[in-house]
Amino acid sequence: MTMNRTVTMKHTLLATALLITFAAPVHAAGEARNIIFFLGDGMGPSTVTASRIYRYGEDGSLTMDTLERTARIKTYSNDAQTTDSAPSMAAYMTGVKMNNEVVSMSQETIATRPSKDVNGNLGIDNCAANGNGVPAPTILELAKSKGKAVGSITTTELTHATPAATFAHSCHRNAQYAIAAQIVPGGSGYNAALGDGVDVLMGGGRNHFTPFDKMTNKAGRADGRNLLAEFAAQGYAVAATKAEMNAAPNNKKFIGLYSSKSHLEYELDRTATPPADEGAIQPSLAEMTIKAMDLLSQNPNGYFLMVEGGRIDHALHGTNAKRALVDTIAFDDAVKAALEKARLTDPTLKNTLIVVTADHDHTLAFNGYGKRGNPILDINRSYKDGQPSKDADGKTYTTLVFGNGPNRPNLRANLDSATVLADNYQQETGVRLASETHGGGDVKLLATGAGSSIFKGTLDNTRVFGLLKSAFGF
């Protein structure tokens, strides 16, 4: 009797396992025709949590929270416990652990600071020392070699560390004029591994692509090249505004540079700028993402698209949590827009893999025992009685603080809500530094769609490259 019951239970368990196996969607390796890789620069776990509470409350969810596959990512670089963006993004894109400040090069490459041009602008050469490493192939380059369309879009300068790691190779992230030259098909310094060129490029920093002018473009190119004219000669549509982006045909390659110099505006400022301001004509990251998908989806072989919310990091460096949270929400809105658009033609995402992650953490931390529902940017109020929490000297403090940065007073004063909720408020820090640093903690990775089941556990950031290749079947 016991034996029969045991056999029956085994058959029941087996049948149940088979039902679960066949009922759940399983995406095999090599099933993804398209990959959209979202990177929130500096978007560590505390930033994600604070942004969720800021927009949706403690019990709410960001769109990225709803992705069913999760992993924990180790972010250290080849020579540092705490990485900078260049080697951390390059690890995702190449599978190689490299030194801080190095962009998609071999592990032994030494970060070599670039020279200044005749106008005093930094970044004219690529690798100062002969034989200083070799390029490490990127997933974007591999996708291009397989006949897929490829794109790289960002809210930072297009030549900044994160986007550069997808399409360029450099001994130093600050060689931005040389990095710009690497993406112009047929031009001097072009990265031949990009074939006929990156299909979609968007970001800021137009000065790295246009000639120096002592009156209008002091940070322009000393070599006199107009790389945007060179792009146009190669058949690219070129845009400088949201309207020009929207009007660009979907059957041509595209480059949109929406800031004459530096990065795009913070989302908080982009939506608040008067009509004459450059920020008022810049697209949101969600709008850039939708346009990129329209352009890239013209290729029947599929595509690889990198989308960076880069200014999250900049706000955190400035210990300005409000702008960091608003930019994180804008990044999450781009994830939502991409999911909704992909599902219009691919409801179960059987052809599309979407990955959302960060390149590194920051020192942002939650402080005290704030009551549920207390505004996350406000002073801390106790869960016990709702009254303002006090430090050992009887002074109020904010829930969000930073481990280091510029705003550490010699003597703390009482803080009030009007002060700490202002757009430009900088949270207090533990250690006084000119700029807040990155953090060395692990970050989250979330994924959904074709091939997403392979993203799980605690992974080195270099391992993600292999998983992306596996999802593509490379």
Side-chain angles (χ1 to χ4, degrees), residues 35-73 75 92 153-156 162 264 266-268 270-271 283-290 292-293 305-316 320-343 349 352-362 364-366 370 372-378 399-400 421 427 439 441-449 452 455-456 459 464:
I35 294 178
I36 307 177
F37 187 90
F38 283 93
L39 192 288
D41 198 318
M43 190 183 69
S46 292
T47 299
V48 173
T49 304
S51 299
R52 180 195 305 127
I53 295 171
Y54 178 77
R55 178 67 175 268
Y56 300 110
E58 290 88 347
D59 58 348
S61 295
L62 298 163
T63 295
M64 69 179 87
D65 292 330
T66 67
L67 306 188
E68 65 269 23
R69 305 293 181 179
T70 60
R72 186 181 180 101
I73 305 298
T75 63
Y92 286 138
I153 68 177
T154 179
T155 55
T156 69
T162 297
L264 274 62
Y266 289 111
E267 183 67 10
L268 187 67
R270 185 189 71 84
T271 56
S284 68
L285 187 59
E287 291 166 338
M288 292 163 63
T289 300
I290 294 303
M293 293 174 70
L305 171 63
M306 191 286 295
V307 180
E308 183 200 17
R311 304 231 61 195
I312 301 167
D313 175 75
H314 298 161
L316 292 169
N320 178 215
K322 187 170 188 176
R323 283 185 172 81
L325 303 192
V326 173
D327 262 59
T328 302
I329 296 298
F331 173 78
D332 190 64
D333 288 344
V335 175
K336 180 180 180 181
L339 280 166
E340 291 176 347
K341 183 171 183 62
R343 285 174 173 150
L349 298 180
T352 302
L353 169 64
I354 293 179
V355 176
V356 181
T357 191
D359 48 354
H360 54 75
D361 197 2
H362 271 269
L364 181 70
F366 279 60
R372 183 168 170 175
N374 194 56
I376 195 65
L377 292 170
D378 207 346
T399 298
L400 297 181
L421 294 175
Q427 278 68 27
D442 297 348
V443 297
K444 296 175 68 175
L445 180 147
L446 308 105
T448 191
S452 62
F455 293 91
K456 56 188 177 182
L459 305 171
V464 174

[Y] and [X], any side-chain heavy atoms less than 4.5 Å apart:
X	Y	value
D313	T156	no
D361	T75	no
D59	R372	yes
M64	M43	yes
L339	T448	yes
D359	T162	yes
L353	I36	no
Q427	L364	no

**Request:** Apply side-chain contact (heavy atoms from CB on, under 4.5 Å) to K456 and list each qualifying residue two or more places apart in sequence or on a separate chain.
**Result:** none

**Request:** List for me each residue that meets side-chain contact (heavy atoms from CB on, under 4.5 Å) alongside A337, sequence neighbours excluded, and say none if there are none.
**Result:**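 Partners of A337 by the side-chain contact (heavy atoms from CB on, under 4.5 Å) criterion, ordered by chain and then number, come out as A286, I290.
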
Could you give the distance from [atom1] ([X]) to [atom2] ([Y]), rounded to the nearest 0.5 Å?
X	Y	atom1	atom2	answer
I329	L285	CD1	CG	13.0 Å
S452	E68	OG	CD	5.0 Å
T271	Y266	OG1	OH	14.0 Å
L39	H360	CG	NE2	8.5 Å
L305	I35	CG	CD1	11.0 Å

**Complete:** R343 meets the salt bridge (Lys or Arg N to Asp or Glu O under 4.0 Å) criterion, sequence neighbours left out, with none

**Asked** What residues, two or more places apart in sequence or in another chain, satisfy salt bridge (Lys or Arg N to Asp or Glu O under 4.0 Å) together with K444?
**Response**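 Checked K444 against salt bridge (Lys or Arg N to Asp or Glu O under 4.0 Å); zero matches.
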
**Asked** Can you list the residues that meet the ring-ring contact (aromatic ring centres under 6.0 Å, His included) rule with Y92, with sequence neighbours excluded?
**Response**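 Checked Y92 against ring-ring contact (aromatic ring centres under 6.0 Å, His included); matches are F37.
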
Please check this pair: side chain of [X] against backbone of [Y], looking for a donor-acceptor N/O pair closer than 3.5 Å.
X	Y	answer
E308	T155	no
D327	G310	no
T66	T63	yes
R311	L264	yes

How close do [X] and [Y] get, counting heavy atoms only, and between which atoms?
X	Y	value
M288	P283	CG-CG, 3.6 Å
I376	A50	CG2-O, 3.8 Å
G40	I312	CA-CD1, 4.1 Å
F331	G309	CD1-N, 3.6 Å
L316	G42	CD1-O, 3.4 Å
L268	R323	CD2-CG, 3.8 Å

**Prompt:** Any salt bridge (charged side-chain N to carboxylate O under 4.0 Å, His left out) pairs touching residues 43-54, not counting sequence neighbours?
**Reply:**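 Counting only pairs at least two positions apart or across chains, the salt bridge (charged side-chain N to carboxylate O under 4.0 Å, His left out) contacts touching residues 43-54 are R52-D65.
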
**Request:** Output yes when D442 and R72 qualify as a salt bridge under the 4.0 Å nitrogen-oxygen rule, no when they do not.
**Result:**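 Yes, this pair counts.
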
